[in-house]
Amino acid sequence: MVILLKRQHDKKQLEHLMNWLKNMNLEIHASEGSMQTILGLVGDTTVVDIDLLKALDIVEDVKRIQEPYKNANRKFHPKDTVVNVGDVKIGGGNFVMIAGPCSVESEEQICCVAESVKKSGAKILRGGAFKPRTSPYAFQGMREKGLELLSEAKQKTGLPIVTEIMDLSQLHLFEDVDVIQVGARNMQNFELLKELGKINKPILLKRGLASTLQEFIMSAEYIMAGGNENVILCERGIRTYEPSTRNTLDLSAIPMLKNMTHLPIIVDPSHATGIARVVKPMALAAVAAGADGLIIEVHNDPPHAACDGAQSLTPEAFDNLAKAIEVIRPMACTYDQGVCQ
């Protein structure tokens with residue numbers, strides 16, 4: 001339920017209203033804008049008498065929200081959320097490039113890639129330490145050693161790091177990780193999401209292979225319901241009947257999600273397409289559609305990569321992409337409360 005307050009409302013009346021609502025075991029999310037103050041109610045709102053609320057002097061209107069997600073709902077939070085990763089801001093008009101190899105393979109490899117992508121404008125370094133693979137015989141990542149090498153690259157370049165967590169038992173190893181990534185296969189690992197809701201660290205949540213946008217947002221809701229509101233959504237393609245690319249990149253998700261939620265949205269064209277030559281056009285399309293950032297796989301020697309070399313850009317190709325993005329960005333779609341301007 002959403003309560004819209006009148007522009008000139010009495011502060012004492014507002015305090016009485018909030019105390020009354022809290023006594024009904026409702027959680028209140030207040031959002032103060034330049035023109036409107038909104039109270040979002042989370043909980044069993046069936047106990048609230050809407051007619052009584054509308055009759056109050058300070059209330060402009062009351063609306064019931066049909067969507068099952070409350071914390072992530074744009075209606076509760078009209079302004080874009082900005083997630084801070086150190087000095088890097090994501091969302092609310094702040095665009096970020098995240099780049100690095102699919103998996104950490106050696107100190108030389110991860111540091112070399114980190115230095116090159118930083119020169120090209122990347123603000124966050126990605127790299128897999130724990131790798132979810134379809135085959136049990138494929139390279140599974142360097143695990144704890146991979147996290148150590150990521151930390152070394154972070155110290156050398158100053159870039160914050162993002163890497164994927166596979167299981168709740170690994171959480172204690174992620175102290176030095178700036179952004180914890182939840183992969184597509186774990187998007188509905190609800191016990192993991194609940195625990196990530198208890199920590200004060202940004203979470204990069206990837207869309208599941210066959211998930212609807214509402215299911216995607218509901219997974220974000222699990223994290224936010226635990227108290228962690230630093231969630232970044234990542235569109236990484238969905239499984240369809242089209243076999244020419246690894247997945248089908250759903251760019252329509254950007255304007256749809258912008259209307260549904262206030263959370264930042266980044267796009268992963270590398271995993272979506274699985275083909276290096278297709279990454280650039282899809283990345284530029286995502287920027288034009290108004291994405292808040294990109295996460296791109298970059299490897300210094302793609303033909304000999306331990307995994308996903310076919311979709312990895314060389315540092316030179318990434319630099320070329322970064323320059324093209326600077327041309328596209330001024331013409332990209334911008335959003336005001338979820339509506340493309």
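One-based numbering along the sequence shown. All figures in this text were calculated on a predicted structure; none of them were measured in a lab.
Looking at K119 and D319, no side-chain N of the basic residue comes within less than 4.0 Å of a carboxylate O on the acidic one, giving no salt bridge. Under 4.0 Å is where a charged nitrogen must lie from a carboxylate oxygen, and between D80 and R74 at least one such pair does. Using a 4.0 Å cut-off between a side-chain N of Lys or Arg and a carboxylate O of Asp or Glu, K194 and E191 qualify as a salt bridge. Residues E235 and R207 are paired through a salt bridge, judged by an N-O separation under 4.0 Å between the basic side chain and the carboxylate. Salt bridge K156/E107: present, at least one basic N to carboxylate O contact under 4.0 Å. A salt bridge is defined here as a Lys NZ or Arg NE, NH1 or NH2 lying under 4.0 Å from an Asp or Glu carboxylate O, and D87 with K123 fails to meet this definition. Using a 4.0 Å cut-off between charged nitrogen and carboxylate oxygen, E164 and K131 do not count as a salt-bridge pair.
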Which atom pairs, donor and acceptor, lie under 3.5 Å between side-chain atoms of residues 331-341 and protein residues at least two apart or in another chain?
residue : atom : partner : partner atom : Å
Y335    : OH   : A289    : O            : 2.7
Q341    : NE2  : V339    : O            : 2.9

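No hydrogens or angles considered: nothing links the side chains of H299 and E297 as a donor-acceptor pair under 3.5 Å. For the residue pair T212/Q214, the side-chain donor-acceptor check at 3.5 Å is not satisfied.
Under the 4.5 Å side-chain criterion, counting only non-hydrogen atoms from C-beta, L26 is in contact with V48. Put simply, the side chain of T163 reaches to within 4.5 Å of the side chain of L147, judged on heavy atoms. Side-chain atoms of L41 and L21, non-hydrogen and from C-beta on, do get closer than 4.5 Å to each other. Side-chain contact between I124 and I161: absent, with no pair of heavy atoms (C-beta onward) separated by less than 4.5 Å.
There is no path of hydrophobic side-chain contacts, each under 4.5 Å, that joins F130 to V162.
Looking at R236, Q311, K206 one by one, the single match for side-chain hydrogen bond (donor to acceptor under 3.5 Å, both in side chains) with D268 turns out to be K206.
At distances below 3.5 Å, not a single donor-acceptor pair connects side-chain atoms of Q155 with backbone N or O atoms of E152. Looking only at distances, no side-chain donor or acceptor of T261 sits under 3.5 Å from a matching main-chain atom of L257. Of the possible donor and acceptor atoms, one in the side chain of N94 sits under 3.5 Å from a partner among the backbone N and O of G91.
Partners of K198 by salt bridge (Lys or Arg N to Asp or Glu O under 4.0 Å), not counting sequence neighbours, listed by chain and number: E195. Checked against side-chain hydrogen bond (donor to acceptor under 3.5 Å, both in side chains), K70 has no partners two or more places apart in sequence or in another chain.
Annotation for N19: atom CG counts as buried by contact number, over 12 foreign heavy atoms lying within 6.0 Å. Sparse packing is recorded around NZ of K89, with 12 or fewer heavy atoms of other residues, nucleotides or ligands lying under 6.0 Å away. Counted within 6.0 Å of CE on M18, heavy atoms from surrounding residues, nucleotides or ligands total more than 12; the atom is thus considered enclosed. The number of heavy atoms from other shown groups lying within 6.0 Å of CZ (R64) is above 12.
The two residues M224 and A72 make their nearest non-hydrogen contact at SD-CB, 3.7 Å. Scanning all heavy atoms of the two residues, the minimum distance from I238 to S211 falls at CG2-O, 4.4 Å. Residues N228 and N230 come closest through the heavy atom pair OD1-N, 3.0 Å.
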